[in-house]
Amino acid sequence: MTSLLSSSSFSSASASASARRVARGVSPLRGSSSARSRSSSSRSRSAARPLLPSLQAIMNSSGSGSSSSDVLVDMQELRDTALDAIRTIGYSANDAAVLLDVMMYAQMRGNNQGIIKITTNGLARNEDATPMRVEHDTATCARINGNREVGMAVLYRATEMAVQKAKSAGVGIVGTHNTSTSTGALGYYCRQAAKQGVICLAFAQSPEFVAPYGSKEALFGTNPIAAGFPTSDTSSPLVMDLATSAYALFGLLEAKTAGRKIPEGVAQDAAGRVTTDPSEVLDGGAIRVFDGGHKGSSLALLVELLGGALTNAAIEDKKAKKSWGNLVVCIDPKQLGWTADEFQRRVDTVCRRVKKCEPLPDHGEILLPGERGDRVEDANERAGSIEVEANLWKDLQDMAAKAPPRDSADSATAPSSIFAASSGGMPESNGAPSTSRGTGKDSWGMDTRLVHPTDPCDDPYAAVAPPLYQTATFKQPDAVSMGPYDYTRSGNPTRAQLEHHIAELEGGDRGFAFASGMAALTAVTRIVRSGETILAGDDIYGGTSRLLGSVLPKQDINVVHVVMSDLDAVESALNKNKVKLLMLESPTNPRMQVIDLQRISAMAKKANPDTVICVDNSIMAPVYQRPLDLGADVSMTSATKFIAGHSDVTAGLLTTKGKELGDEIYFHQNSEGTAASPFDCWLSIRGIKTMKLRMDKQSDNAMKIARFLEKHPLVSRVHYPGLETHANHDVQRRQASGYGSLLSFNTHDVNASRAICEKSKLFKITVSFGSVSSLISMPCFMSHASIPAEVRAERGLTDDLVRISAGIEDAEDLIADLKEVMDEYLMETTGKPADVSASRSVEELEARESWLLERIRELESKVKTSN
Ligand SMILES: N[C@@H](CCSC[C@H](N)C(=O)O)C(=O)O
């Protein structure tokens, strides 16, 4: 999948093309170079006053401190090594690719925001990070809570969203807050956006280092502003990127480390006197604004307001609060009446005129903003290699050597899209509910669409809460003609309201409400005739497994199971069998495998265009995933779960594409009397309105629980698509916009699992999921008990598996509840407290060992930082 922002001129493809021009490997360089002088000072150790951890780390970066030379590194090798090094920090393949792309932009241009961040702890992952969340979203604006995720990934996402909004609504304004790591060179984001044909402005607010004009006190960050303008050379927009400070913070740190002075007039000491001693600046002094006057101060204030006040970032005590903000503004020039070409030509004209201005006698060529960096980048690209400071390169290689083996996803050195669907290079069918919209009803976001369904019943009293038509029959106009409804089995206005709403939410042609999820799935199987074949996964809900294994074979329907996460196996099963119905779940119930819905749907249609693809979407629901957009023909969401949300309804909703399929499903719903009751529909209509609020909270809780479980010695494996360690974490990020409330885990000890379920106080032992209350179950004895034991064993579904559906309680209470029970069990069975490893199986010990190694790495990096 190509990202909206991934068309960088130094993407891995172009880098590898140039890389072919030089021999792989490194060679020492002689003589000086700007790259060398930029990086050499970072080798020295120095005890700076504690600043931001990443900046402190830069000062402490490894190396001998003796003289060294730069080395010439093949570009592709640098990218590969840097990517591996980033992976050791624990980022997902996609995040790692984003970070690499942002830093390589700087590295290639000789800017100090490059890969040194990797080896100097500048990308340290935050322990408390949870997935960033779009917490406010309209057609033109959005605000992202970075949830302490890495700054570059958050700003990347914000830029994607701003571009999308600008393309669909003319303007896109996206703010971010709650990140406290560097966003790298701001120009990167503006360039990527401008390559998409929009004007982009970016503002980054950061902690207190710069004094307002006339003041002693540091209040502003270096507060850069960047802008990108599309030009007629679409691969090379005009990009400007300027700090509003007179001197870069990094430069100050470098000067201190190297024992150098800083230029006169760029900074002041604690008393506000101009100083050239970097230590005095760092010791209670401040950097000055770039012009040392009120204009620079006004621009720094502008960034503080746009990047901080507007975005919900910290605006006081910023160093301690660690919530920095960014704002991205994208404007489609078409909004001012230009075609793309016309505007680009106008930008060219202005730039040409600037370039042609007669220089002052003592001034050489007039350069446009970014032109010097462009030239360095071009030269590096042409050479296919780049100078890297020797110690930095060694540190990077040492880190990379510890990277786990790559799988195919890890090999991508250009980022794929993160979450939001985009029109610029991402397939239209991305199943994550779109965050970019135009105007009008079709353009509304999910929160709005949940609350404002179209009313197909045209209620004469315009009741805000739709009426409940609790009636079995409807009086007819006369004995020989029929009104819109006659009998509730055949149709009911309350049901019609729900059916219409689910079709709107899933993006289908027709919706149906059934008495249960199983009734809905059974109706779908009615399209399969005797002798035809259904292909299904092997990790599937027990009820579906029973339908496929014990009901349909009685009608001579063939059922083939395949490991759905194995795409080769799926392809071969699709080619070997003429599949009439393909039944998928993603994530799967109960082991939370993520299935690539888009790829499998495409494979199925290629093998047989008549195959009907049905996805059980109950775990994600349309709030997080829209299977029809990913190529499915039918989507089923159990209304018992998140839709109704309060464990008080049993119902199942189907959405179909196309008239023929819809008519056939309706025929069976009516003929077999499997529709949902009006009251269940009414409760579901009511539940839908708060669904996203609930699901977001439940997902946050699930993530926190998953992270807790991951580290508990009683747990051998956690299955949750939100964890970076999940095999298909990236597929989940691509096809869905959340991770959901459901997770499962193994203990390899049925008694331990039982104790957890039975002794916890806040988790109710029940089947089902999606309730406001947290639920816990042992699938093999409960939801999946109908699958024969030998089939479960064959599928690797073990008795010790525990499934949790996180509710909306306080995460801290839920975790404390689990912790108490789990620690107690360990104590009782091993006589040792929870943090002492009990006698365990080889697999458990291996899992424990990797966890311990990970902890050691973390501690080592902390020690390195505080040295
Ligand atoms: N006794 C029921 C089990 C229902 S499980 C409900 C739900 N879909 C889940 O996954 O928990 C049965 O036999 O079907």
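For ligands, and for the atoms within them, numbers begin at 1 and follow the listed sequence.
Within the 4.0 angstrom cut-off, atom 4 (C) of ligand 1 has one or more protein heavy-atom neighbours. Atom 1 (N) of ligand 1 is not flagged as protein-proximal [any protein heavy atom, distance under 4.0 Å].
In this pair, W682 and F679 present their aromatic rings parallel. The plane angle is below 30°, not in the 30 to 60° band. Using cut-offs of 30° and 60° for the angle between ring planes, the F642 and F769 rings count as tilted.
When hydrogens are left out, the protein atom nearest atom 6 (C) of ligand 1 is Y541 OH, 3.4 Å; that is the closest non-hydrogen contact. Here the heavy atom of the protein found nearest to atom 7 (C) of ligand 1 is K641 NZ, 3.4 Å.
Which parts of ligand 1 touch R803 is read off a 4.0 Å heavy-atom cut-off, strictly below it: atoms 9 (C), 10 (O), 11 (O). Every atom of ligand 1 with a heavy atom of S783 under 4.0 Å away is listed here by number and element: 5 (S), 9 (C), 10 (O), 11 (O).
Between S768 and ligand 1, at least one pair of N/O atoms sits closer than 3.5 Å. An N or O contact shorter than 3.5 Å links R546 to ligand 1 by distance.
Counting heavy atoms from C-beta outward, I804 and F745 have side chains that approach closer than 4.5 Å.
Separating the CZ atom in R734 from the CG atom in D596 is a distance of 5.0 Å, to the nearest 0.5 Å.
Between the side chain of R792 and the backbone N or O of I787, at least one donor-acceptor pair lies under 3.5 Å. Using a distance-only test at 3.5 Å, with no hydrogens or angles considered, no donor-acceptor pair links the side chain of R449 to the main chain of H501.
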Point to revise | Step-by-step side chain to side chain donor-acceptor pair (under 3.5 Å) determination, E504 to T454 | key: CA-CA 8 Å; E504 276 185 351; T454 306; 2.2 Å; yes
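When heavy-atom distances to ligand 1 are checked against a 4.0 Å cut-off, T640 has no atom that comes that close, whether in backbone or side chain.
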